[in-house]
Amino acid sequence: MGAVTSTAPSLGSPASSLLDLAPVIPVVIVQDVDQAVPLARALVAGGLPVIEVTFRTPAAADAIRAIAEEVPDAVVGAGTVLSPEQVETAVAAGSRFLVTPGWTDRLLGALDASGLPYLPGVSTTSEVVALLERGVEEMKFFPAEAAGGTPYLKALASPLPQARFCPTGGVTAATAPQYLALPNVGCVGGTWMLPADALDAGDWGRVESLAREAAALRG
């Protein structure tokens with residue numbers, strides 16, 4: 001049998017950026033690990049290869065491992081990472097990137113030591129400046145809508161042009177284009193392409209269709 005080849009976007013080169021691989025990063029909460037692979041395949045088929053599996057359920061690490069092993073065209077990462085211990089678990093499971101809702105010095109140290117791309121969460125200007133001081137220029141803006149949405153990010157673009165964001169939290173299919181039009185936004189995170197009834201029914205065709213619509217938001 002020939003080797004499995006992957007057409008997944010690359011994070012291997014110094015010039016590559018997680019924020020530039022796809023316009024939308026699906027934020028996935030996996031309750032049943034058996035859903036992980038067909039869900040990931042549907043998202044990839046729809047044009048959303050970057051998949052964030054959140055550490056909000058006991059199935060998360062196994063879901064990341066299954067996707068990493070069985071869906072080579074996916075770039076799977078761990079979200080809602082809250083501790084150095086979870087960083088280690090995510091890396092061991094095969095995560096390609098890490099995302100946090102916020103950060104501390106201890107957590108940031110673990111993220112940096114992992115060697116993986118990461119997006120630490122911010123919601124204030126001071127947090128952004130503190131990360132820039134540490135050489136971190138790519139961040140998750142969370143919770144995006146509650147923290148000020150597009151007006152807030154637009155206001156940051158002029159004084160802090162080096163900071164780039166992935167807004168997540170309350171972003172919808174209707175509001176995503178407004179975020180993506182901002183010069184300091186590389187992509188957005190969202191869940192609208194993962195309706196609960198479709199997941200419960202295993203309607204992967206619907207997930208693929210919604211993913212395709214999301215992937216077309218920035219042509």
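Just so we're clear, the structure is a prediction, and the values are computed from it rather than from any experiment.
Residues R206 and D197 form a side-chain contact, since some pair of their non-hydrogen atoms from C-beta on lies under 4.5 Å apart. P49 places none of its side-chain heavy atoms less than 4.5 Å from the side chain of D73. Side chains of D112 and Y118 form a contact here, defined as non-hydrogen atoms less than 4.5 Å apart. Annotation: side chain of P117 is not in contact with side chain of E138 (no heavy-atom distance under 4.5 Å). Looking at heavy atoms from C-beta onward, L19 lies in side-chain contact with L119 at the 4.5 angstrom threshold. The shortest side-chain heavy-atom distance between V71 and V76 does not fall under the 4.5 Å cut-off. Counting heavy atoms from C-beta outward, T150 and T175 have side chains that stay 4.5 Å or more apart.
One hydrophobic cluster, built from ILVMFWY side chains closer than 4.5 Å, cannot hold both F142 and L131; they sit in different ones. A chain of hydrophobic side-chain contacts below 4.5 Å, direct or via other Ile, Leu, Val, Met, Phe, Trp or Tyr residues, connects V122 to L182. Using a 4.5 Å cut-off between side-chain heavy atoms of Ile, Leu, Val, Met, Phe, Trp and Tyr, with links allowed through other members, V28 and V37 fall into the same hydrophobic cluster.
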(request) Start with the C-alpha distance between V99 and T54, add both sets of side-chain angles, then the distance that settles side chain to side chain contact (heavy atoms under 4.5 Å, CB included), and finish with yes or no. (result) CA-CA 9 Å; V99 183; T54 66; over 6 Å; no

(request) List the steps, then state whether side-chain hydrogen bond (donor to acceptor under 3.5 Å, both in side chains) holds for T124 with E127. (result) CA-CA 5 Å; T124 70; E127 291 171 318; 3.2 Å; yes

(message) Determine whether E208 and L43 satisfy the following criterion, side chain to side chain contact (heavy atoms under 4.5 Å, CB included), listing intermediate values before the conclusion.
(response) CA-CA 5 Å; E208 180 180 339; L43 291 171; over 6 Å; no

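Put simply, the side chain of T57 never gets that close to the backbone of Q31: no donor and acceptor are under 3.5 Å apart. No side-chain donor-acceptor contact under 3.5 Å links E52 to the backbone of I25. Of the possible polar contacts, none joining the T191 side chain to the L194 backbone as a donor-acceptor pair under 3.5 Å is found.
With rounding to the nearest 0.5 angstrom, the CD1 atom of I51 is 12.0 Å from the OG atom of S95. Here the CG atom belonging to L156 is positioned 4.5 Å from the OG1 atom belonging to T125, to the nearest 0.5 angstrom. Taken from CG in L111 to CG in L98, the straight-line distance is 6.0 Å, to the nearest 0.5 Å. Atoms NZ and OH, on K154 and Y179 in that order, are 13.5 Å from each other to the nearest 0.5 Å. How far OG1 of T89 is from CZ of F55: 5.5 Å, rounded to the nearest 0.5 Å. The CD1 atom of I64 sits 13.0 Å away from atom CZ of R96, with the distance rounded to the nearest 0.5 Å.
The minimum heavy-atom distance linking A214 with V24 is given by the pair O-CG2, 3.8 Å. For the residue pair L199 and W204, the shortest heavy atom distance occurs at CD2-CZ3, 3.8 Å. Heavy-atom minimum distance, V136 versus P120: CG1-CG, 3.9 Å. Considering all non-hydrogen atoms of both residues, T100 and K140 come closest at O-CD, 3.5 Å. Considering every non-hydrogen atom in both A163 and M139, the closest pair reads CB-CE, 4.2 Å. Taking every heavy atom of both residues into account, L82 and P101 meet most closely at CD2-CG, 3.5 Å.
When each of V171, V27, L210 is paired with W192, the side-chain contact (heavy atoms from CB on, under 4.5 Å) condition holds for V171 and for no other.
A salt bridge links R106 with E85; the closest basic N to acidic carboxylate O contact falls under 4.0 Å.
By the 30° and 60° cut-offs, the orientation of the rings of F141 relative to Y152 is parallel.
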